[in-house]
**Q** 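Following this message is one structure expressed as structure tokens.
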Amino acid sequence: QAQLVESGGGLVQAGGSLRLSCAASGRNFDTYPMGWFRQAPGKEREFVASISSTGGRAYYSDSVEGRFTISRDNAKMTVYLQMDSLKSDDTAVYYCVADHNVLLRTWSLSSNYKLLEFWGQGTLVTVSS
């Protein structure tokens, strides 16, 4: 079982950068694929990025590809989301997620987020234009 705590959110100007962190606790963290989702006010939760348990594979949504980078440090039990060239459309609550069961490359499919097992409490990112 994994417990996840996000940090690093805040207010940033458009064009700026932020790095989110997700600290995990519990056994077998290094066996869990991990990822980030986000939810803007009035919108459904959407996929941002995901990474395999070893860090060898990563997937991104089209909207963040080339601007965001997901990474993980299994020794520190932490997953990161480096966000560059931020836009006002990136404003949302960002959630860290871990799951053993759902095929990693399908996490981006609509509503599949409902199948994922462990979630953090979220961290707010606000991008001002």
Side-chain angles (χ1 to χ4, degrees):
Q1 184 169 351
Q3 293 181 320
L4 308 172
V5 179
E6 303 96 333
S7 61
L11 175 64
V12 63
Q13 288 189 331
S17 298
L18 279 177
R19 188 175 82 156
L20 305 183
S21 299
C22 173
S25 60
R27 297 184 300 175
N28 303 321
F29 166 80
D30 57 352
T31 69
Y32 280 89
M34 306 282 293
W36 292 91
F37 283 71
R38 67 186 182 186
Q39 189 165 16
K43 294 187 177 181
E44 192 169 14
R45 195 165 296 190
E46 66 171 357
F47 171 78
V48 176
S50 60
I51 190 167
S52 63
S53 59
T54 63
R57 286 178 294 127
Y59 300 91
Y60 298 91
S61 69
D62 290 342
S63 61
V64 308
E65 178 87 51
R67 299 188 298 121
F68 291 10
T69 303
I70 189 170
S71 62
R72 66 189 295 161
D73 185 337
N74 285 345
K76 295 182 178 179
M77 300 179 66
T78 302
V79 173
Y80 304 98
L81 185 68
Q82 177 65 41
M83 306 186 295
D84 299 320
S85 303
L86 283 160
K87 306 174 182 179
S88 56
D89 287 348
D90 296 318
T91 295
V93 176
Y94 284 71
Y95 297 90
C96 179
V97 61
D99 184 84
H100 262 151
N101 301 312
V102 179
L103 194 62
L104 186 62
R105 60 181 173 84
T106 70
W107 284 22
S108 59
L109 297 180
S110 179
S111 298
N112 260 17
Y113 72 89
K114 298 178 182 179
L115 305 175
L116 303 179
E117 189 170 11
F118 300 110
W119 292 86
Q121 83 290 348
T123 185
L124 177 62
V125 172
T126 303
V127 184
S128 63
S129 56

**Q** Would you say that more than 12 heavy atoms from the other residues, nucleotides or ligands in this model lie under 6.0 Å from the CD of Glu117, or not?
**A**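 It does: Glu117 CD has more than 12 such atoms within range.
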**Q** Give the minimum heavy-atom separation between Leu115 and Asp99, together with the two atoms involved.
**A** O-OD1, 3.8 Å
**Q** Which heavy atom in Glu6 sits nearest to a heavy atom in Cys96, and how many Å separate them?
**A**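 Closest pair (atom of Glu6, atom of Cys96, distance): OE2-N, 2.7 Å.
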**Q** Taking C-beta and beyond as the side chain, do Arg38 and Arg45 meet within less than 4.5 Å on heavy atoms?
**A** no
**Q** Side chain to side chain contact (heavy atoms under 4.5 Å, CB included) for Trp119 and Val97? Distances and angles first, verdict last.
**A** CA-CA 5 Å; Trp119 292 86; Val97 61; 3.7 Å; yes
**Q** Going hydrophobic residue to hydrophobic residue with side-chain gaps under 4.5 angstrom, can you get from Phe118 over to Val102?
**A** no
**Q** Does the side chain of Val125 come within less than 4.5 Å of Val127's, by heavy atoms?
**A** yes
**Q** Check step by step if side chain to side chain contact (heavy atoms under 4.5 Å, CB included) holds for Phe29 and Met34.
**A** CA-CA 9 Å; Phe29 166 80; Met34 306 282 293; 3.7 Å; yes
**Q** Looking at every non-hydrogen atom in both residues, tell me the closest pair between His100 and Pro33 and how far apart they are.
**A** CD2-CD, 4.4 Å
**Q** Kindly give the heavy-atom pair with the smallest separation between Arg72 and Ser52, and that separation in Å.
**A** NH1-O, 2.9 Å
**Q** Is there a side-chain contact between Glu44 and Ser111 in this structure, where contact means two heavy atoms from C-beta onward sitting under 4.5 Å apart?
**A**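 With C-beta onward as the side chain, the pair touches.
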**Q** Are the side chain of Asp73 and the backbone of Lys76 linked by a donor-acceptor contact shorter than 3.5 Å?
**A**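 Side chain of Asp73 to backbone of Lys76, a donor-acceptor pair under 3.5 Å: yes, one is there.
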**Q** Between Arg67 and Tyr60, is NZ or CZ placed under 6.0 angstrom from the six-membered ring centre and within 45° of the ring axis?
**A** no
**Q** With a 4.5 Å limit on heavy-atom distance, are the side chains of Asp90 and Met83 in contact?
**A** no
**Q** For Thr106, is there any backbone N or O sitting under 3.5 Å from a side-chain donor or acceptor partner on Ser108?
**A** no
**Q** Determine whether Tyr95 and Leu4 make a side-chain contact, defined as any pair of heavy atoms from C-beta on separated by less than 4.5 Å.
**A**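 When only atoms from C-beta onward are counted, Leu4 and Tyr95 do not touch, as no gap falls below 4.5 Å.
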**Q** Run the numbers on Ser71 and Tyr80 for side chain to side chain contact (heavy atoms under 4.5 Å, CB included), then give the verdict.
**A** CA-CA 5 Å; Ser71 62; Tyr80 304 98; 3.6 Å; yes
**Q** List the atom of Ile70, the atom of Ala58, and the distance in Å for their closest heavy-atom pair.
**A**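 The answer is CG2-CB, 3.8 Å.
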**Q** Is the distance between the ring centroids of Phe37 and Phe47 under 6.0 Å?
**A** yes
**Q** If we only count heavy atoms from C-beta on, is the Arg57 to Ile51 side-chain gap below 4.5 Å?
**A** no
**Q** Any heavy-atom pair between the side chains of Val79 and Trp36 that's under 4.5 Å?
**A** yes
**Q** Quick one: pull up CG in Leu124 and OG1 in Thr126 and give me the separation to the nearest 0.5 Å.
**A**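 Reported to 0.5 Å precision, the distance equals 4.0 Å.
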**Q** If we only count heavy atoms from C-beta on, is the Tyr94 to Leu81 side-chain gap below 4.5 Å?
**A** yes
**Q** Can any side-chain N or O of Arg105 pair as donor or acceptor with the backbone N or O of Tyr59 at less than 3.5 Å?
**A** no
**Q** Got a second to check how far Ser53's OG is from Asn28's CG, nearest 0.5 Å?
**A**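 Reported to 0.5 Å precision, the distance equals 11.0 Å.
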**Q** What pairs of donor and acceptor atoms, side-chain ones from residues 11-21 against any protein atom, are under 3.5 angstrom apart with sequence neighbours left out?
**A**
unit_1 : atom_1 : unit_2 : atom_2 : d
Ser17  : OG     : Asp84  : OD1    : 2.7

